[in-house]
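Along the sequence shown, residues carry numbers from 1. Quantities reported herein were computed from a predicted structural model and do not represent experimental measurements.
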Amino acid sequence: MAKEFHVKGSMVALITPFNEDGSINYDKYVDLLEFQIENKTDAILALGTTSEAPTFTEAEEDKLVEIAVEVCKGRVPVIANGGSNCTQFSCDKSRKYSDMGVDALLCISPYYNKANKRGLYTHIADAAACVDTPIIIYNIPGRTGVNIPIDVMSELAKIKNVCGVKEATGDLGYVAKIRKATENEDFLIWSGNDDVTVPIMSIGGAGTISVWANLMPAKVREMTHAFLDGNTDLAAKIQLEYLNLINDFFIEVNPIPIKEAMNLAGMNVGGYRKPLCGMTDENKAILAAEMKKLGLI
């Protein structure tokens, strides 16, 4: 099959809301999906880093993907994170979510056990070989401990259903090298760091898979589509206007601050699963002050 996931613009890495007892609030999850759809988010990622997926049971993961597909079907594409540091498990999850009807799959490079170049390539190539669904590589060395080498990225880009990369190094030089190495392939690059979305788009990026969009989906879409439509000045203006807020979203480990921001804004998404805990009072005050400055609370 030809690569068929060509979504550009703003895609959200959706948080997971919890009830007071720590169980997943599935009703609120539906509300958040509808909120994203109403605000014209271009695609929705379930089970990403921002979702706290490492704390979920397999049944919880499956239910979240099932709900996302059911709610979004025919309205907005759904990406599911089928990744794991075990290649076989990654293949199994990719098959399962593909059968559920997702539009694309996220595949992270191995973490903790890491891998050499051959292992990095085969880990993602094996997942791609077991499904027809488009595969998005997830490169986030801050979480995995390994940065995918450019030559490996270039070879992965030649696989028919590897459609692009969520690039979360924050290194524009590295992103430029990816773009250069894959410029003859049908391969998209999405920013995985909200603070450099517009800079990445300026060197050939297709948009973002965003944390910020959980709170302000319409604004992130406006920024990315302004750039895509040629209004680069407006895109840059929005990026810079909200840069302090974006930085505050990472003043503690993601998704702690974005969920705190959503709660401050009255979205009532609940707390966290350990080992994640609430923000310190000092950092909460910094976040709240910036939100007040921007008129968000």
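- The existence of a salt bridge linking Asp42 and Arg221 is confirmed by a sub-4.0 Å separation between a basic side-chain nitrogen and an acidic carboxylate oxygen.
- Of the possible polar contacts, none joining the Thr182 side chain to the Glu185 backbone as a donor-acceptor pair under 3.5 Å is found.
- The local environment of CD in Glu282 is sparse, with at most 12 non-hydrogen atoms from other residues, nucleotides or ligands closer than 6.0 Å.
- Under the 3.5 Å distance criterion, the side-chain polar atoms of Thr208 are matched with a main-chain donor or acceptor of Ser191.
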Mind running side chain to side chain donor-acceptor pair (under 3.5 Å) on Tyr97 and Thr133 for me, showing each step along the way? CA-CA 9 Å; Tyr97 298 154; Thr133 305; over 6 Å; no
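- Of the possible polar contacts, none joining the Ser154 side chain to the Ile150 backbone as a donor-acceptor pair under 3.5 Å is found.
- With Asn85 contributing its side chain and Tyr112 its backbone, the two residues share no donor-acceptor pair below 3.5 Å.
- No salt bridge links Glu66 with Lys63; every basic N to acidic carboxylate O contact stays at or beyond 4.0 Å.
- Judged purely by atom type and a 3.5 angstrom limit, Asn161 uses its side chain to pair as donor or acceptor with the backbone of Ala128.
- A donor-acceptor distance shorter than 3.5 angstrom exists from the side chain of Asp171 to the backbone of Tyr174, with no hydrogens or angles considered.
- In summary, Lys96 and Glu61 do not engage in a salt bridge, as defined by a charged side-chain N under 4.0 Å from a carboxylate O.
- Hydrophobic clustering (ILVMFWY, side-chain heavy atoms < 4.5 Å, transitive): Met216 and Leu243 are in distinct clusters.
- Environment of NZ in Lys177: sparse, with no more than 12 heavy atoms of neighbouring residues, nucleotides or ligands closer than 6.0 Å.
- Between Cys277 and Ile256 the shortest heavy-atom distance is O-CD1, 3.2 Å.
- Lys28 places a side-chain N or O within 3.5 Å of a backbone atom of Met267 that can act as its donor or acceptor partner.
- Taking 4.0 Å as the cut-off between side-chain N and carboxylate O, Lys219 and Glu222 count as a salt-bridged pair.
- To the nearest 0.5 Å, atoms CD (Glu60) and OH (Tyr26) are separated by 4.5 Å.
- Within 6.0 Å of CG on Asp21 lie more than 12 heavy atoms contributed by other residues, nucleotides or ligands.
- Between the side chain of Asn139 and the main chain of Asn147, no donor-acceptor pair closer than 3.5 Å is present.
- Contact detail for Asn39 and Pro217: the closest heavy-atom pair is CB-CG, 3.6 Å.
- For the residue pair Asn19/Ser23, the side-chain donor-acceptor check at 3.5 Å is satisfied.
- Side-chain N or O atoms of Asp194 include one that pairs as donor or acceptor with a backbone N or O of Trp212 at under 3.5 Å.
- Under a hydrophobic-cluster definition in which Ile, Leu, Val, Met, Phe, Trp and Tyr are linked whenever side-chain heavy atoms come within less than 4.5 Å, directly or via other members, Ile137 and Phe89 are assigned to different clusters.
- In terms of heavy atoms, Gly164 sits closest to Phe187 at CA-CE1, 3.5 Å.
- Residue Leu105 holds its CG atom at 8.5 Å from OG of Ser90, rounded to the nearest 0.5 Å.
- Around CD of Glu70, the count of heavy atoms belonging to other residues, nucleotides or ligands within 6.0 Å does not exceed 12.
- Between Trp190 and Phe5, the ring planes are perpendicular. Angles over 60° get that label, and only those under 30° would be called parallel.
- Checked by atom type and distance alone, the side chain of Asn81 pairs as donor or acceptor with a backbone atom of Gly83 at under 3.5 Å.
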